[in-house]
Amino acid sequence: MKNLVIVESPAKAKTIEGYLGESYNVIASYGHVRDLENKTGSVLPGKWSEIKWAISERGKTQLNQISTLAKESGRLILATDPDREGEAIAWHICELLKKEGILDSLEVCRAVFNSITRSAVAEAMENTREINKEKVQAYLARRVLDYVVGFNISPLLWRRLPGAKSAGRVQSVALKLICEREDKRDIFEPQEYWSIEAAFIKEEKKIKAKINSLDGTKLKKFDIKREKEAEIIIERIKKSSFSISEVNKKPIKRNPRPPFITSTLQQEAARKLRFSADRTMQVAQSLYEKACITYMRTDSPVISNEGISLIRDVIVRKFNDKYLYKDPLGRIYKSKSKQAQEAHEAIRPTDVNKYPDENSLSGDEKELYALIWNRAVSSQMASADLTQTEIIIPSQDKNIIFKATGSQIVFKGFLEVYEEGNDTEEESEETRLPTNINVNDELQIETLFPEQHFTKPPARYTEASLIRDLEEKGIGRPSTYASIMKSIKRREYASLENKQFLPANRGRVVVSFLDNYFAEYFKYEFTAEMEESLDLIARGDLIWTSLLDKFWTGFEPNIGNVEGLSN
DNA sequence: CAGTGAGCGAGCTTCCGCTTGACTT
């Protein structure tokens, strides 16, 4: 009798079938096979466990295949992803097969693995367990809560705010970030300030320095407010003579960034390739299907030991030992987010020996692959060594002090391969400094630039920065970031102008409506607090229906308040 | 008598998260 293995993704199914051999059939579920029926009344308040489910079209075909093969199998192994949704998918399939009476003659178990390597899969098949009921209940609570919020508030919007289409735990908070940023911009008043920079010169050697302190007090960036003040200082500078009092050098290290997860890939592809989140995910999907990269929807920066050692081999071959991070176990990265579920590896090339410039990829795929390759390889390389130099240039009476800073790369290390992009176009503070400059050298002023500036309002969100902030707050999941962006645009709550989100009036009205009547449910901490309760459920310390009862008790009166309003 | 406009009723929309794939930029 054969074993039947269920995973979520067809590409994964193919790979695993290759690992497991003749006695296994592997079938993909294509994600969830059933979901709440897409209409009102699928769950009724208080009767939380009487849920009306509907099987998706895709689900039907996959379930048919599964039950056909299950009849000729001795063991069913549910190897969906090792996270909450994966546990739920396994449970749904199990429930549906039970209904068909197929499970009577079949042993059912659950297997999990975090990386798709031969050894990890083999080990998982040996160490199976039962479906984790508590985890499934945490899923049920999450699923029902989202439904209740969305399907109660959206109809209120239809009636109250013409043109408004939808509200939800995730999309509305994303919209709120956009709108609050715009509010800050609206009330922002630019402040004038002046900078004073001098180019000193000594025998052809030029040093650009900024004024650092005046009459014994340190000058901060915005301290010179008016042209008059700047002029007075300039006059004093012109009357003074300057020499070097200190040259301070100190070694600094720069470390590589962790390998990509979904959010960082989307951000970096936006910065370096100008891709939208959606485009990034489509290109990544196709690289994944071609088995070029590991799974692209992940919140874990961890690379399997196998992956790390392949990368280390490449670093030695392409560069040399000096470029390798010295610990043989490699650099180990940890997830920053408490909400991370770490079901998959980081995003990396499956075969790092396939160099970005030596493969058959082209266009978007080639570019994105190169980005992923470089980031993954650099994450296991040695740090860069730099020397940071600081030159202190006081006037003779020491009342005016200039300071120049610069850094020089001594050893490039990972920078040979990869450097993260910048969000802002602000010029770097550091300039090149000449070598062989000495204390007591006297300097001439070549040029003196007073420059007028104005403080800038906070920048509007881009897709990349919005995803970064959502992730930081634990809102949304790797599989949904791109679709959150889409739905805000489709609802015409905000539009992208020059790749930046500009809220529409409609969007701002929705946000203030929600803040008025449902503030508790759209504050930034709501999701994190919900997740804490879900953790309690998953640990067996809280009953899932009590979470919903408690939620409903607080939520329901707010609906009444809106209903009771007169027009 | 023809054209206009107010008023009414019916029917529709919606969440988040897991997968692709068909379609358009």
Side-chain angles (χ1 to χ4, degrees), chain A residues 6-14 27-43 51 56-59 61-62 80-93 138-175 262 275-276 278-279 281-286 288-289 295-299 339 341 343-344 363-364 470 474-484 486-487 489-493 496 510 514 518 521-522 526-527 530-531 534 555:
Chain A
I6 313 294
V7 295
E8 293 180 38
S9 144
K12 202 191 229 183
K14 213 172 119 194
I27 293 189
S29 71
Y30 286 78
H32 273 294
V33 291
R34 69 173 180 178
D35 192 12
L36 285 179
E37 246 184 292
N38 186 26
K39 54 184 182 193
T40 48
S42 298
V43 193
I51 297 169
S56 65
E57 282 307 305
R58 194 74 197 241
T61 37
Q62 298 317 105
T80 45
D81 294 349
D83 53 18
R84 192 163 63 217
E85 296 296 319
E87 205 68 22
I89 293 170
W91 173 78
H92 278 300
I93 292 171
Y139 153 80
L140 290 171
R142 196 280 304 159
R143 183 65 192 86
V144 170
L145 190 147
D146 280 334
Y147 172 85
V148 172
V149 171
F151 274 61
N152 278 293
I153 296 182
S154 297
L156 295 180
L157 293 180
W158 303 337
R159 268 175 286 159
R160 291 279 156 190
L161 310 175
K165 284 283 183 197
S166 62
R169 172 177 57 86
V170 170
Q171 60 165 278
S172 299
V173 177
L175 179 61
T262 305
F275 286 3
S276 67
D278 195 39
R279 183 167 165 199
M281 292 315 280
Q282 285 188 23
V283 177
Q285 176 82 32
S286 119
Y288 168 67
E289 284 168 15
Y295 199 57
M296 62 281 152
R297 289 183 278 268
T298 176
D299 54 20
Q339 271 87 19
Q341 302 198 21
H344 307 275
D364 284 1
L470 286 172
I475 300 165
R477 302 277 310 132
S479 68
T480 61
Y481 296 134
S483 58
I484 296 164
K486 241 187 189 167
S487 89
K489 289 181 259 178
R490 197 183 53 234
R491 302 281 178 235
E492 295 177 44
Y493 287 157
L496 278 183
V510 168
L514 296 175
F518 296 94
Y521 306 96
F522 295 97
F526 182 79
T527 292
M530 177 192 78
E531 287 289 345
L534 296 181
F555 185 81

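Just the heavy atoms: all of them, side chains too, but no hydrogens, waters or symmetry mates, feed the values below. So you know, we letter chains A, B, ... as the sequences are listed, proteins then strands, and number each from 1.
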Heavy atoms only, 4.0 Å cut-off, all strands: where does A/Val149 land among base, sugar-phosphate and nothing? nothing

Test your reading of the model: is there a side-chain donor-acceptor pair from A/Thr262 to the backbone of A/Thr298, 3.5 Å cut-off? yes

Which part of the nucleic acid does A/Ala88 contact within heavy-atom distance under 4.0 Å: base, sugar-phosphate only, or nothing? nothing

Would you say the side-chain atoms of A/Tyr493 pair up with the backbone N or O of A/Lys165, donor to acceptor, closer than 3.5 Å? yes

Among B/dC15, B/dT20, B/dT19, the one nearest A/Gln171 by side-chain distance: B/dC15

Could you state the atom-to-atom distance from CG of A/Leu470 to C1' of B/dG17 in whole Å? 15 Å

Hey, does A/Tyr295 reach any base, or is it just sugar-phosphate, or nothing, if we go heavy atoms under 4.0 Å? sugar-phosphate

For a quick check of understanding: with a heavy-atom distance under 4.0 Å over all strands, which category does A/Gly86 fall into, base, sugar-phosphate or nothing? nothing

In whole angstroms, how far is the C1' atom of B/dC15 from the OH atom of A/Tyr493? 12 Å

Where the side chain of A/Ser9 is concerned, which of B/dT20, B/dC18, B/dC15 is the nearest nucleotide? B/dT20

With DNA chain B as reference, determine whether A/Arg58 or A/Asp83 sits nearer its 5' end, using the nearest nucleotide of each. A/Asp83

Identify whether any heavy atom of A/Arg142 sits under 4.0 Å from a base atom; if not, whether one sits that close to sugar-phosphate; answer base, sugar-phosphate or nothing. base

Interatomic distance, A/Arg490 CZ vs B/dT24 C1' [rounded to whole Å]: 15 Å

Give a yes/no answer on whether the side chain of A/Thr480 brings an N or O atom under 4.0 Å of OP1 or OP2 in B/dC16. no

Which nucleotide, B/dC18, B/dC15, B/dC16, lies nearest any side-chain atom of A/His32? B/dC18

Can you check the A/Lys39 NZ to B/dT13 P distance for me, whole Å? 12 Å

Kindly say whether, by distance alone, the side chain of A/Arg477 makes a donor-acceptor pair under 3.5 Å with the base of B/dC18? no

Which residue, A/Lys165 or A/Gln341, contacts DNA chain B at a nucleotide closer to its 5' end, judged by nearest heavy atom? A/Lys165

Heavy-atom neighbours of A/Lys486 NZ exceed 12 at 6.0 Å: no

According to a strict under-4.0 Å criterion, is A/Ser29 in side-chain N/O contact with OP1 or OP2 of B/dT19? no

A/Gly168 near the nucleic acid: base, sugar-phosphate alone, or nothing, with a heavy-atom cut-off under 4.0 Å? sugar-phosphate

If you only use heavy atoms from C-beta on, which nucleotide in B/dC15, B/dT20, B/dT14 is closest to the side chain of A/Arg143? B/dC15

When rounded to whole Å, the CD to P distance for the pair A/Gln285 and B/dC23 reads 17 Å

Select base, sugar-phosphate, or nothing to describe what A/Asn38 touches, counting heavy atoms under 4.0 Å on all strands. base

Interatomic distance where CZ belongs to A/Phe522 and C1' belongs to B/dC15 [whole Å]: 10 Å

Is a side-chain N or O of A/Tyr521 found less than 3.5 angstrom from the main chain of A/Phe555, in a donor-acceptor match? yes

When you check the phosphate oxygens OP1 and OP2 of B/dC18, does a side-chain N or O of A/Arg84 lie under 4.0 Å from one of them? no

Looking at A/Tyr288 and A/Ser9, what are the two nearest heavy atoms and their distance? OH-OG, 2.8 Å

Face-on cation placement of A/Arg84 at A/Trp91 ring, 6.0 Å and 45° thresholds: no

Identify whether any heavy atom of A/Thr40 sits under 4.0 Å from a base atom; if not, whether one sits that close to sugar-phosphate; answer base, sugar-phosphate or nothing. base

Whole angstroms only, please: what is the CG-P distance between A/Leu36 and B/dC16? 13 Å

Near-parallel close stack of A/Trp158 and B/dT13 base (under 5.5 Å, under 30°): yes

A/Arg297 side chain N/O closer than 4.0 Å to the phosphate oxygens (OP1, OP2) of B/dT20? yes

For A/Glu289 and B/dA22, what is the distance between atoms CD and P respectively, to the nearest whole Å? 11 Å

Can a donor-acceptor pair be found, under 3.5 Å and without considering hydrogens, that links the side chain of A/Thr480 to the backbone of A/Gly476? no

Any donor-acceptor pair under 3.5 Å joining the side chain of A/Arg169 to the base of B/dC16? no

Name the nucleic acid region contacted by A/Arg34, choosing base, sugar-phosphate or nothing; use a 4.0 angstrom heavy-atom cut-off, strictly under. nothing

